[in-house]
Amino acid sequence: MAGLEGMEQPRGHAHAAAARWSPTVEDEHALKALELYGNPTEAEVPLPSRPESAATARRLTQVVVLRHWGLTPKTTEDAVLLVSELVGNAVRHTGARVFGLRLHRRRGWIRVEVRDPSRGLPCLMPVQPMDISGRGLFLVDKLADRWGVDLLPRGKTTWFEMRVTDR
């Protein structure tokens, strides 16, 4: 499963897994990530280019979108999924030691950016129903309202934007 690399999956004991997970526990992990790594709305948060950093990026995105910005659980779920896909691409395809995560909000929009030192451009590939990989940018393309890549003097920023309802 995408984003669950290195996570032990319960076998046949769904009720045991449900007892261990709760929104309160997840909030606690998200707040701890914010404390350890910094707030991606204030400055770019550098994360090590390792598969487990996807969980950190998801948690940071969750706490910002759901708790700080007060957006809907559906918006949060989509943003968390898409940040996981961008981070996965940065970790797998760039050879970077570190990547950066940044979140922005302006009236009616949120923007999530993942910066890495590679100037190699991501490629949106056609996806077939039985494909087991290569769906990351396909998901970004389907769920985000806009997405793109900004080339930098040293690397690139891959980003997506989603329309949101301001309260």
Side-chain angles (χ1 to χ4, degrees), residues 1-5 21 23-24 26-47 49 51-94 96 98-116 118-127 129 131 133-152 155-167:
M1 294 174 131
L4 296 178
E5 298 86 1
W21 186 90
T24 304
E26 191 57 33
D27 277 352
E28 186 177 306
H29 290 304
L31 291 169
K32 183 99 174 152
L34 195 66
E35 183 181 309
L36 286 172
Y37 294 97
N39 188 334
T41 66
E42 296 172 358
E44 182 177 282
V45 172
L47 295 169
S49 189
E52 55 270 22
S53 290
T56 302
R58 286 191 299 270
R59 288 179 173 137
L60 290 169
T61 302
Q62 175 204 340
V63 75
V64 166
V65 175
L66 187 63
R67 301 294 176 219
H68 291 189
W69 292 342
L71 298 175
T72 67
K74 174 66 173 137
T75 298
T76 303
E77 180 182 352
D78 289 350
V80 165
L81 172 63
L82 298 186
V83 78
S84 189
E85 297 300 338
L86 294 188
V87 167
N89 284 348
V91 169
R92 278 189 292 279
H93 302 298
T94 68
V98 175
F99 65 89
L101 175 67
R102 187 89 161 100
L103 281 74
H104 303 275
R105 182 167 182 198
R106 68 182 194 278
R107 186 171 175 79
W109 292 91
I110 64 170
R111 180 179 173 111
V112 177
E113 302 174 348
V114 174
R115 186 187 56 78
D116 66 70
S118 168
R119 288 180 54 86
L121 296 175
C123 184
L124 179 60
M125 302 293 288
V127 176
D131 289 348
S133 66
R135 295 178 181 268
L137 283 180
F138 174 80
L139 288 172
V140 173
D141 190 58
K142 293 299 176 199
L143 295 176
D145 291 291
R146 299 190 285 230
W147 72 275
V149 180
D150 297 332
L151 284 176
L152 307 169
K156 68 180 174 299
T157 299
T158 307
W159 54 268
F160 68 85
E161 293 182 337
M162 299 169 63
R163 291 179 211 261
V164 296
T165 303
D166 291 312
R167 294 181 180 180

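Since this is a predicted model, take the numbers as computed values, not measurements.
In this structure, the salt bridge (Lys or Arg N to Asp or Glu O under 4.0 Å) partners of E44, at least two apart in sequence or on a different chain, are R115. D145 pairs by the salt bridge (Lys or Arg N to Asp or Glu O under 4.0 Å) definition with R163, not counting sequence neighbours. Residues meeting the side chain to side chain donor-acceptor pair (under 3.5 Å) test with T94, sequence neighbours left out: none. Listed by chain and number, the residues in a side-chain contact (heavy atoms from CB on, under 4.5 Å) with R146 are R106, W109, W159, E161 (sequence neighbours excluded). Residues satisfying the side-chain contact (heavy atoms from CB on, under 4.5 Å) criterion with H93, sequence neighbours excluded, are N89.
Residues R102 and D150 are not paired through a salt bridge, judged by the lack of any N-O separation under 4.0 Å between the basic side chain and the carboxylate.
Between the side chain of R58 and the backbone N or O of V83, no donor-acceptor pair lies under 3.5 Å. T61 contributes no side-chain N or O that, together with a main-chain N or O of A79, makes up a donor-acceptor pair within less than 3.5 Å. Between the K156 side chain and the S118 main chain, a donor and an acceptor come within less than 3.5 Å of each other.
Here the closest non-hydrogen pair linking A30 and V63 is CB-CB, 3.7 Å. Nearest heavy-atom pair across A96 and S49 is O-CB, 2.9 Å. For the pair V87 and A54, the tightest heavy-atom approach, listed with the atom from each and the gap, is CG1-CA, 3.8 Å. Here the closest heavy-atom approach between residue T76 and residue L71 is recorded as OG1-O, 4.1 Å.
We find the CG-CG distance between D116 and L152 to be 9.0 Å, quoted to the nearest 0.5 Å. We find the CG-NZ distance between L82 and K142 to be 13.0 Å, quoted to the nearest 0.5 Å. Atoms CG and CG, from L60 and L103 in turn, are 8.0 Å apart once rounded to the nearest 0.5 Å. In this structure, the separation between CG on D78 and CG on L143 is 5.0 Å, given to the nearest 0.5 Å.
T75 places a side-chain heavy atom less than 4.5 Å from the side chain of I110.
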Donor-acceptor pairs are to be reported for all side-chain atoms of residues 32-40 against protein atoms at under 3.5 Å, with residues two or more places apart or in another chain.
residue, atom, partner, partner atom, Å
N39, OD1, T41, N, 2.8
N39, OD1, T41, OG1, 2.6
N39, ND2, T41, OG1, 3.3

**Study point:** W147 vs L137, side-chain contact (heavy atoms from CB on, under 4.5 Å): CA-CA, chis, key distance, verdict
**Key:** CA-CA 9 Å; W147 72 275; L137 283 180; 3.9 Å; yes

Exercise for review: Evaluate the criterion side-chain contact (heavy atoms from CB on, under 4.5 Å) for residue pair L151 and L121; output intermediate values, then yes/no.
Suggested key: CA-CA 9 Å; L151 284 176; L121 296 175; 3.8 Å; yes

